[in-house]
K.L.:
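Take a look at the following structure, please.
Chain A is the first sequence line, chain B the second, and so forth, proteins listed ahead of strands; every chain is numbered from 1.
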Amino acid sequence: MCYLARRAIQHAGFSKHRNFTDSAFQNTDEIMQRLKVAQALKSTSVGIEVDVRGWIRTKRESKQGFAFLELNDGSSMGNLQVIVDGSVPGFADINKQLTTGSSVRVTGELKESPAAGQRVEVHAKTLELYGTADAEKFPLQKKRHSFEFLREIAHLRPRTNTFGAIFRVRNALSRAIHNFFQSRGFLYVHSPIITTSDAEGAGAMFHVTTLDMVKRKLVDGQVDYTEDFFGKKASLTVSGQLEGEIFATSLGDCYTFGPTFRAENSNTTRHLAEFWMIEPEMPFYDLQDNMNLAESFIREILTEVLAACPEDMAFFNERIDNTVMATLRNIIDNDFLRLSYTEAVEILMTCGEKFDYPVEWGTDLQSEHERYLTEKKFGKPIILYDYPRQIKSFYMRVNEDGKTVRAMDVLVPRVGEIIGGSQREERLDVLLERMQECGLNPEDYWWYVDLRRYGSVPHSGFGLGLERVMLLLTGMANIRDVIPFPRTPKNADF
RNA sequence: UCCCCGAUAGCUCAAUAGGUAGAGCGAGCGGCUGUUAACCGCUAGGUCCUAGGUUCGAGCCCUAGUCGGGGAGCCA
């Protein structure tokens, strides 16, 4: 039997099964509405029969023979209160098993709640237990847990209030990012995850190989990658920028949005070995255009998430960090301050502040310097631009002064650097000169150099770390807690 | 990778000057209650991270390691 025919039969069987055996949809005059908890909480249709399914967060019991269940299915911060009493068939038998973490299906009437705390509630008519959760063993308790502990049970932490909110916000943020670019006609480009180009030396790379690590042959003490799957040394990408430039200089404004990998041994609250990066790349944009886009971008995606997740954001502001909303409003409502690197250095040298590291023109700014500028001195986002050429990458366009390049960093309070970008060097001779200066072999970047050989145009772009924006939005302190499954040195469980 | 701090009950922590462990929450049982961080009472629960060492005696002191946290560097 061919695959499609088998599919058709299975599908028919499935439909038939649903129609004749699923009691929620059978032989009932009232319309039984299958609702998510979020829908039920917002519903104005008091009196309707509903069917809700989810996990019990807590149960409060009365010896009068009824119980209050707090039901959550991840669709919202709030729980749906369900009242179960002796009239519900089988309640007495399964009551003991209705523990925190167990999963149930409830049907009943949606009613206005007589008590404070919730607008509506469900009076159960049927109750079905899907799966139990042994109260002695289930790790999530009816109490607060440390984020460190929850990280050890990353498979269960999405069932908590905080992580439910985090991942709903992460979803809303991803959507807002796509909306921002799509509404402006940007093309979404899928840059490769496996690459054989050394990118721009953005960081140490993870190797991708099928070679036997023990038995592999060494030629002159070196691994012979011609035997490897790709016939040469391959790695996980550290950036999609170079590929982005290919599409920007052919199809126009574009962006990448995908996972990125850095094998740096970084142990901080702001770094991951695997993180998600957004990298727009625009032809005919100079650095000013680039900064303008970056600023609108930050402002608009934050605005959209605030509008999409009001309950979750209120939770973060109340329980995680009570300055979150004020910080976000400050970013949304104010223009970003633009400061050249040279101006920033002057401010830092004359401000009278004591720093652990000295400030001098020509060296990169330390975190303490950036923090001082964005948090203490100006108290708002800052875009620094025109950095010394010797501390920046080869692809950044050299300014007329010959000393600086058209690079820009967006710094925000609390998180620090959230965007790094530049106008790209479009002049072939200057690019080759810069590659030599940075010790790179142009032959390794032949296709990148080619873009300057054929129809070269001014162009610009930037990179934004999704998790850094998440830190900003949620007020969470550790980047490991804003990605579903964090990968850091010595940690890739789950 | 470097610097600092930590690891004790399921979780969060306490244990005075080295004298072989306590609380809160959670859990179980009972009481009370249209309850909602519920409340009141009782009960159970611990190779004090691992391996060495000092000592009559180590949760506590020493050494090494593992894991976790904070900061730095690298950056997104």
K.L.:
Has the side chain of A:Arg468 got a donor or acceptor that lies under 3.5 Å from a partner of the other kind on the base of B:C75?
P.N.:
yes
K.L.:
Identify whether any heavy atom of A:Ile278 sits under 4.0 Å from a base atom; if not, whether one sits that close to sugar-phosphate; answer base, sugar-phosphate or nothing.
P.N.:
nothing
K.L.:
Taking atom types as modelled and ignoring hydrogens, do the side chains of A:Thr107 and A:Arg105 form a donor-acceptor contact shorter than 3.5 angstrom?
P.N.:
no
K.L.:
Suppose you measure atom P in B:C49 against the same atom in B:C60; what distance do you get, rounded to whole Å?
P.N.:
8 Å
K.L.:
Rounded to the nearest angstrom, tell me the gap between atom CD1 in A:Ile391 and atom C1' in B:C74.
P.N.:
13 Å
K.L.:
Using the test ring pair (Phe, Tyr, Trp, His ring centres under 6.0 Å), find all partners of A:Phe91 that sit at least two apart in sequence or belong to another chain.
P.N.:
none
K.L.:
Which of these, A:Val84, A:Val104, A:Leu129, sits in a side chain to side chain contact (heavy atoms under 4.5 Å, CB included) with A:Ile94?
P.N.:
A:Leu129
K.L.:
Distances for protein N/O vs nucleotides 5-13 of chain B N/O pairs under 3.5 angstrom?
P.N.:
{"unit_1": "B:G10", "atom_1": "N2", "unit_2": "A:Gln141", "atom_2": "OE1", "d": "2.8"}
{"unit_1": "B:G10", "atom_1": "N3", "unit_2": "A:Gln141", "atom_2": "NE2", "d": "3.0"}
{"unit_1": "B:C11", "atom_1": "O2'", "unit_2": "A:Lys143", "atom_2": "NZ", "d": "3.3"}
{"unit_1": "B:C11", "atom_1": "O2", "unit_2": "A:Lys143", "atom_2": "NZ", "d": "2.4"}
{"unit_1": "B:U12", "atom_1": "OP1", "unit_2": "A:Ser146", "atom_2": "OG", "d": "2.7"}

K.L.:
From the options B:G73, B:A76, B:C75, select the nucleotide whose nearest atom is closest to the side chain of A:Met277.
P.N.:
B:A76
K.L.:
Rounded to whole Å, how long is the line connecting atom CZ of A:Arg57 with atom P of B:A37?
P.N.:
15 Å
K.L.:
Listing request: all ring pair (Phe, Tyr, Trp, His ring centres under 6.0 Å) pairs with a residue in residues 99-122 of chain A, at least two apart in sequence or in separate chains.
P.N.:
none
K.L.:
Just grab all the ring pair (Phe, Tyr, Trp, His ring centres under 6.0 Å) pairs involving residues 463-494 of chain A, residues at least two apart or on different chains.
P.N.:
A:His155-A:Phe494
K.L.:
Which nucleotide in the list B:G69, B:A27, B:A76 gets nearest to the side chain of A:Asn478?
P.N.:
B:G69
K.L.:
Would you please name every residue forming a side chain to side chain contact (heavy atoms under 4.5 Å, CB included) with A:Glu304, sequence neighbours left out?
P.N.:
A:Ala176, A:Asn179
K.L.:
Give the rounded distance in Å between these two atoms: NE2 of A:His271 and C1' of B:G71.
P.N.:
13 Å
K.L.:
I'd like a table of atom pairs between the protein and nucleotides 1-4 of chain B - only N or O on both sides, under 3.5 Å - with the distance next to each one.
P.N.:
{"unit_1": "B:U1", "atom_1": "OP1", "unit_2": "A:Asn265", "atom_2": "ND2", "d": "2.7"}
{"unit_1": "B:U1", "atom_1": "O4", "unit_2": "A:Asn265", "atom_2": "O", "d": "3.2"}
{"unit_1": "B:U1", "atom_1": "O4", "unit_2": "A:Asn267", "atom_2": "ND2", "d": "2.9"}

K.L.:
Write down the distance between CG (A:Leu384) and P (B:C75), rounded to a whole number of angstrom.
P.N.:
15 Å
K.L.:
Who pairs with A:Phe186 by ring pair (Phe, Tyr, Trp, His ring centres under 6.0 Å), at least two apart in sequence or on another chain?
P.N.:
A:Phe181
K.L.:
Please list each protein N or O that sits under 3.5 Å from an N or O in nucleotides 44-46 of chain B, with the distance.
P.N.:
none

K.L.:
Can you tell me which stems involve RNA chain B, if a stem is defined as three or more consecutive Watson-Crick or G-U wobble pairs, both distances under 3.5 Å?
P.N.:
B:1-7 with B:66-72, B:10-13 with B:22-25, B:27-31 with B:39-43, B:49-53 with B:61-65
K.L.:
Taking salt bridge (charged side-chain N to carboxylate O under 4.0 Å, His left out) as the definition, give me every residue that meets it alongside A:Lys377, ordered by chain and number, with sequence neighbours left out.
P.N.:
none
K.L.:
Give every donor-acceptor pair under 3.5 Å between a side-chain atom in residues 351-360 of chain A and any protein atom, sequence neighbours left out.
P.N.:
{"unit_1": "A:Glu353", "atom_1": "OE1", "unit_2": "A:Lys376", "atom_2": "NZ", "d": "3.3"}
{"unit_1": "A:Glu353", "atom_1": "OE2", "unit_2": "A:Lys376", "atom_2": "NZ", "d": "2.7"}

K.L.:
Give one of base, sugar-phosphate or nothing for A:Arg480, where a contact means two heavy atoms less than 4.0 Å apart.
P.N.:
sugar-phosphate
K.L.:
Protein-nucleotides 30-35 of chain B N/O pairs closer than 3.5 Å?
P.N.:
{"unit_1": "B:U33", "atom_1": "OP2", "unit_2": "A:Gln64", "atom_2": "NE2", "d": "3.3"}
{"unit_1": "B:U33", "atom_1": "N3", "unit_2": "A:Glu61", "atom_2": "O", "d": "3.2"}
{"unit_1": "B:U33", "atom_1": "O4", "unit_2": "A:Glu61", "atom_2": "O", "d": "2.6"}
{"unit_1": "B:U33", "atom_1": "O4", "unit_2": "A:Ser62", "atom_2": "N", "d": "3.3"}
{"unit_1": "B:U33", "atom_1": "O4", "unit_2": "A:Lys63", "atom_2": "N", "d": "2.8"}
{"unit_1": "B:G34", "atom_1": "N1", "unit_2": "A:Glu121", "atom_2": "OE1", "d": "3.4"}
{"unit_1": "B:G34", "atom_1": "N1", "unit_2": "A:Glu121", "atom_2": "OE2", "d": "2.6"}
{"unit_1": "B:G34", "atom_1": "N2", "unit_2": "A:Gln81", "atom_2": "NE2", "d": "2.8"}
{"unit_1": "B:G34", "atom_1": "N2", "unit_2": "A:Glu121", "atom_2": "OE1", "d": "2.3"}
{"unit_1": "B:G34", "atom_1": "N2", "unit_2": "A:Glu121", "atom_2": "OE2", "d": "3.3"}
{"unit_1": "B:U35", "atom_1": "O2'", "unit_2": "A:Arg60", "atom_2": "NE", "d": "3.4"}
{"unit_1": "B:U35", "atom_1": "O2", "unit_2": "A:Arg60", "atom_2": "NE", "d": "2.7"}
{"unit_1": "B:U35", "atom_1": "O2", "unit_2": "A:Arg60", "atom_2": "NH2", "d": "3.1"}
{"unit_1": "B:U35", "atom_1": "N3", "unit_2": "A:Gln81", "atom_2": "OE1", "d": "2.9"}
{"unit_1": "B:U35", "atom_1": "N3", "unit_2": "A:Gln81", "atom_2": "NE2", "d": "3.2"}
{"unit_1": "B:U35", "atom_1": "O4", "unit_2": "A:Gln81", "atom_2": "NE2", "d": "2.8"}
{"unit_1": "B:U35", "atom_1": "O4", "unit_2": "A:Gln118", "atom_2": "NE2", "d": "2.9"}

